[in-house]
Amino acid sequence: MIHQIDTTDNIVAFRALAEVSKEDFLITVTPAVEHLVKQINEINFLLVLDTDIKNFTPGAWLEDGLLGLKHLGKWNRAAIVTDTEEIISFTNGFSYIVPGEFRGYKKIDFNKALNWVEGNIS
């Protein structure tokens, strides 16, 4: 499941717990991202992984990919917060492939990740 985290109006932030399904993206993530794009014409995104990525269903991965492609030119800043080094490294390398800045952070650095996505630090 994915829960939205209350933050400032210029970002969307989520926490993933247990199994993450296609419906989680369709009900929670996609509408929030669509609303943000309508409001500020860019995406500043934060995801805290409190579950293993193996708990994302194939449908969740598909919806995640479709959402990313639909708004490919709108990504500004995206952070993934996890204690898994492979995910942090993958996220850090994502900026070389698609528009926008992507960074991975350890859970202990949640506030730093949030401040970065909000645009408060470089």
Side-chain angles (χ1 to χ4, degrees):
M1 84 181 52
I2 294 182
H3 296 286
Q4 191 162 359
I5 300 170
D6 288 332
T7 60
T8 59
D9 291 342
N10 70 323
I11 76 167
V12 287
F14 306 94
R15 182 175 310 277
L17 304 159
E19 183 179 86
V20 177
S21 69
K22 173 182 179 176
E23 291 74 22
D24 290 317
F25 272 85
L26 293 175
I27 294 168
T28 305
V29 178
T30 301
V33 170
E34 297 285 350
H35 178 74
L36 184 66
V37 169
K38 285 180 186 169
Q39 294 300 111
I40 67 170
N41 201 34
E42 68 182 13
I43 301 169
N44 298 304
F45 183 93
L46 178 96
L47 176 62
V48 179
L49 289 176
D50 279 336
T51 190
D52 193 289
I53 60 167
K54 290 184 262 180
N55 291 329
F56 279 64
T57 67
W61 285 114
L62 178 62
E63 289 303 320
D64 180 49
L66 291 173
L67 182 64
L69 288 173
K70 180 178 180 184
H71 298 293
L72 189 60
K74 301 293 184 187
W75 291 93
N76 182 43
R77 289 186 171 189
I80 306 297
V81 180
T82 179
D83 284 335
T84 305
E85 285 297 332
E86 294 83 4
I87 296 171
I88 291 171
S89 294
F90 178 80
T91 303
N92 289 339
F94 213 63
S95 293
Y96 297 107
I97 307 169
V98 297
E101 294 181 78
F102 293 79
R103 291 189 185 172
Y105 289 88
K106 292 274 194 178
K107 288 181 183 178
I108 195 167
D109 294 323
F110 171 81
N111 287 332
K112 184 176 179 181
L114 181 62
N115 283 322
W116 177 77
V117 173
E118 289 175 339
N120 297 327
I121 60 173
S122 359

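Residue numbers start at 1 and run along the sequence shown.
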Can you pull the ring-ring contact (aromatic ring centres under 6.0 Å, His included) pairs that have at least one residue in residues 26-48, sequence neighbours excluded?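 Qualifying pairs: Phe14-Phe45, Phe45-Trp75.
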
Partner residues of [X] under the side chain to side chain contact (heavy atoms under 4.5 Å, CB included) criterion, sequence neighbours left out:
{"X": "Ser89", "value": "none"}
{"X": "Asp50", "value": "Arg15, Leu17, Val48, Lys107"}
{"X": "Leu66", "value": "Leu62, Glu63"}
{"X": "Ala60", "value": "Val20, Phe25, Phe56, Thr57"}

Residues which pass side chain to side chain donor-acceptor pair (under 3.5 Å) with [X], listed by chain and number, not counting sequence neighbours:
{"X": "Asn55", "result": "Thr51"}
{"X": "Glu86", "result": "none"}
{"X": "Asp6", "result": "none"}

Does Ile27 sit in a hydrophobic cluster with other residues, and if so which ones, taking ILVMFWY side chains as linked at heavy-atom separations under 4.5 Å, directly or through other members?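 Under the 4.5 Å side-chain rule, Ile27 groups with nothing.
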
For Ile108, what are the other residues in its hydrophobic cluster, where any two members join if their side-chain heavy atoms are less than 4.5 angstrom apart?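 Cluster partners of Ile108: none, it stands alone.
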
Residues two or more places apart in sequence or in another chain: which of them pass salt bridge (charged side-chain N to carboxylate O under 4.0 Å, His left out) with Glu23?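 Glu23 satisfies salt bridge (charged side-chain N to carboxylate O under 4.0 Å, His left out) with no other residue.
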
I'd like to check the ring pair (Phe, Tyr, Trp, His ring centres under 6.0 Å) partners of Phe110; sequence neighbours left out, ordered by chain and number.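 By the ring pair (Phe, Tyr, Trp, His ring centres under 6.0 Å) rule, Phe110 matches no residue at all.
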
